[in-house]
Peer 1: 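One structure, as structure tokens, below. Some questions next.
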Protein chains: 2
Amino acid sequence: MASPPGWRSGRPSPHISALKDIALFKGLSEDALQEVLACGQTERLAKGALAFRQGAPAETCHSLVHGRVKIAQTRPDGGQFVIRFIGSGEMFGSVAALMGQPFPADATAVVDSIQFVWPIHVMRRLMMRHPDIAIRATTELGARVQELQSRMAEMGATRVEQRIARGLVRLVRQAGRRTEVGIEIDFPITRQDLAEMTGATLHTVSRTLAAWEADGLIDSSRRRITVRRPHGLVVIAEDLPGARDD
Amino acid sequence: MASPPGWRSGRPSPHISALKDIALFKGLSEDALQEVLACGQTERLAKGALAFRQGAPAETCHSLVHGRVKIAQTRPDGGQFVIRFIGSGEMFGSVAALMGQPFPADATAVVDSIQFVWPIHVMRRLMMRHPDIAIRATTELGARVQELQSRMAEMGATRVEQRIARGLVRLVRQAGRRTEVGIEIDFPITRQDLAEMTGATLHTVSRTLAAWEADGLIDSSRRRITVRRPHGLVVIAEDLPGARDD
DNA sequence: AGCTGGATTTGCGCCGGCGCAAAGATCGGC
DNA sequence: GCCGATCTTTGCGCCGGCGCAAATCCAGCT
């Protein structure tokens with residue numbers, strides 16, 4: 001694993017370039033970026049550390065500079081539910097902040113990470129001054145809405161195997177890294193996580209993955225999953241007729 | 001914009017008040033409202049008529065002036081999925097329009113309705129000119145995201161009975177009308193719809209409602225549902241311990 | 001290296017909810 | 001008032017996936 005610049009020194013080195021990678025700020029003027037930068041700060045998140053906690057007042061916007069963060073909700077019945085995983089350049093916690101509501105979930109670093117944090121009122125001010133940003137925000141949120149809706153529709157699908165396959169496909173798309181054998185999910189993920197993403201049980205996920213591994217569809221070990229034949233997974237996810245490989 | 005033909009002949013500036021009821025336009029200046037009004041048009045939607053069709057290019061924003069519209073998606077496997085019901089004053093189809101993507105679902109009037117339609121570029125222009133609108137839009141979308149996320153979390157809950165109860169509770173909140181016996185869903189809804197909202201089968205929904213009716217929890221007839229003891233429903237929805245009345 | 005706790009696997013039994021099929025109830029139209 | 005189209009109810013059988021429990025395995029720590 002290559003260490004990102006400025007990681008070890010314990011010294012946050014805020015880079016405008018990092019901000020530029022955030023979709024929301026694309027095409028923003030230098031001084032506007034400076035404004036954000038000046039108001040916010042870079043923070044280190046050790047693996048397992050929380051960026052924010054479910055129920056806490058949301059007064060900050062977060063953006064991940066490096067690493068991976070899990071957004072997970074504790075339901076009243078005690079069950080956990082994994083909403084999504086955040087990768088580099090993505091923002092999180094912003095919806096709650098914009099809405100003036102408490103964070104709806106915990107944000108936990110699954111690997112050592114670096115986040116950039118700034119107060120919500122800066123974002124508000126920016127939006128007032130630069131309508132582009134607000135418009136870009138609607139686009140971002142629109143994308144979220146669409147993704148959530150498609151995920152909703154998926155949940156309707158009864159077969160658990162399908163749901164797990166789709167969850168895995170999504171992870172591959174978002175966090176896949178090519179290796180010799182296939183595509184690996186580039187951060188540690190437990191079967192429990194996968195279960196909590198798809199609404200299945202830990203047990204069923206374990207069994208299912210084991211079956212797929214026996215079929216040579218995937219490789220897996222503790223917290224690691226590598227997809228050897230992505231297409232085969234898609235066939236299951238989309239319930240295509242094909243019983244053959246590619 | 002050229003005057004739209006036909007519909008407006010007898011009506012002087014049809015529903016500027018109707019526009020004011022749309023959250024997105026709250027607090028907007030008179031002339032800005034006029035701009036929207038001039039570019040759009042009011043349309044009648046007979047029961048069963050489509051406001052737009054899944055897959056069609058989304059070049060229009062819609063807002064319901066009166067009636068009720070069902071947004072439902074046809075999945076690749078042929079199944080239908082009810083995304084949501086639209087009530088008076090709510091906007092629909094706007095996410096797709098803003099994102100420049102085809103409509104993701106059909107919009108069908110479930111009762112005789114009236115909608116207001118205007119081209120997306122007007123909305124874009126308005127947003128550029130009035131950041132408030134864009135900001136308000138982010139708020140709206142944020143709310144959608146939150147609602148979808150909570151719905152997602154619900155879907156994880158295994159028990160079908162719970163999911164149905166929650167679907168019903170949501171409908172009551174959104175479209176409940178007080179009557180002598182309880183609260184009635186104020187538009188015709190089939191068990192099929194309920195099934196497609198909650199990811200259950202028509203059959204299971206039917207059986208479940210029958211059981212609830214036997215318990216005096218609800219009244220129902222063809223396309224009509226009246227909740228006699230909302231609290232009892234919530235108890236099921238939230239899986240509270242209480243096995244008693246309210 | 002040894003220990004400890006989290007992560008994973010696996011077996012077994014049970015039951016809820018779907019699939020299928022057909023009858024019954026209502027509404028709306030003619 | 002009759003007919004046809006929906007919408008709704010109900011019976012029966014089957015099976016997938018959960019619940020429970022125990023055994024292993026592995027990573028990180030001291």
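Just so we're on the same page: letters track the sequence lines, and every chain starts at 1. Because only heavy atoms are used, hydrogens play no part in the values below, and waters and symmetry mates are left out as well, while side chains stay in.
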Peer 1: Just jot down the side-chain contact (heavy atoms from CB on, under 4.5 Å) partners of B/Val172, sequence neighbours excluded, or say none.
Peer 2: B/Ile183, B/Ile185, B/Val227
Peer 1: Just so I know, are the side chains of B/Pro188 and B/Arg224 near enough to count as touching, which here means a heavy-atom distance under 4.5 Å?
Peer 2: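 Yes, their side chains come closer than 4.5 Å.
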Peer 1: Whole angstrom is fine here: how far is it from CD1 in B/Ile236 over to P in C/dG16?
Peer 2: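 Distance check: B/Ile236 CD1 to C/dG16 P gives 15 Å.
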Peer 1: Taking CG from B/Leu209 and P from C/dG17, how many angstroms apart are they, rounded to a whole number?
Peer 2: 14 Å
Peer 1: Between C/dT8, D/dT10, D/dG19, which nucleotide gets closest to the side-chain atoms of A/Thr201?
Peer 2: D/dG19
Peer 1: Between B/Lys47 and B/His203, just flag the one whose closest nucleotide in DNA chain C comes earlier from the 5' side.
Peer 2: B/His203
Peer 1: Can you measure A/Asp193 atom CG to C/dG6 atom P for me and round it to whole angstrom units?
Peer 2: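 Rounded to whole Å, this separation is 15 Å.
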Peer 1: Roughly, in whole Å, what's the span from CD1 in B/Ile189 to C1' in D/dT6?
Peer 2: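 Taking CD1 of B/Ile189 and C1' of D/dT6, I get 16 Å after rounding.
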Peer 1: For C/dA7, does OP1 or OP2 lie under 4.0 Å from any side-chain N or O of A/Thr190?
Peer 2: no
Peer 1: Salt bridge (charged side-chain N to carboxylate O under 4.0 Å, His left out) with A/Asp106: which residues, sequence neighbours excluded?
Peer 2: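 A/Asp106: no salt bridge (charged side-chain N to carboxylate O under 4.0 Å, His left out) contacts found.
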Peer 1: Is a donor from one side chain sitting under 3.5 angstrom from an acceptor on the other, for B/Glu213 and B/Ser220?
Peer 2: yes
Peer 1: In this structure, how many angstroms lie between the P atom of C/dT8 and the CD atom of A/Gln192, rounded?
Peer 2: 9 Å
Peer 1: Send over the distance from A/Leu202 CG to C/dG6 P, rounded to a whole Å.
Peer 2: 14 Å
Peer 1: Going by the rule side-chain contact (heavy atoms from CB on, under 4.5 Å), which residues pair with A/Val65 if we only count those two or more places apart in sequence or in a different chain?
Peer 2: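 So A/Val65 forms a side-chain contact (heavy atoms from CB on, under 4.5 Å) with A/Ala18, A/Ile114, A/Phe116.
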Peer 1: Quick one: side-chain contact (heavy atoms from CB on, under 4.5 Å) partners of B/Ala51, sequence neighbours excluded?
Peer 2: B/Leu45, B/His62, B/Phe92, B/Ala107, B/Gln115
Peer 1: Using heavy atoms and a sub-4.0 Å distance, could you list which residues of residues 216-228 of chain A are near DNA chain C? By number, please.
Peer 2: A/Arg222, A/Arg223
Peer 1: Measure from the side-chain heavy atoms of B/Arg159 and tell me the nearest of C/dT10, D/dT8, C/dG17.
Peer 2: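 My answer, after comparing the listed nucleotides, is C/dG17.
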Peer 1: Between C/dT9 atom P and A/Glu213 atom CD, what is the distance in whole Å?
Peer 2: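 A/Glu213 atom CD is separated from C/dT9 atom P by 8 Å.
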Peer 1: Give a yes/no on whether any side-chain N or O of B/Arg191 is located under 4.0 angstrom from OP1 or OP2 of D/dC7.
Peer 2: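 B/Arg191 to D/dC7 OP1/OP2: no side-chain N or O under 4.0 Å.
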Peer 1: Ignoring hydrogens and angles, does a donor from either the side chain of B/Arg207 or the base of D/dG11 sit under 3.5 Å from an acceptor on the other?
Peer 2: yes
Peer 1: Can you measure B/Trp212 atom CH2 to D/dT9 atom P for me and round it to whole angstrom units?
Peer 2: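 Atom-to-atom, B/Trp212 to D/dT9, this comes out as 13 Å.
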Peer 1: Per the ring pair (Phe, Tyr, Trp, His ring centres under 6.0 Å) rule, what does the pair list look like for residues 172-194 of chain B, sequence neighbours excluded?
Peer 2: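 Qualifying pairs: B/Phe85-B/Phe187.
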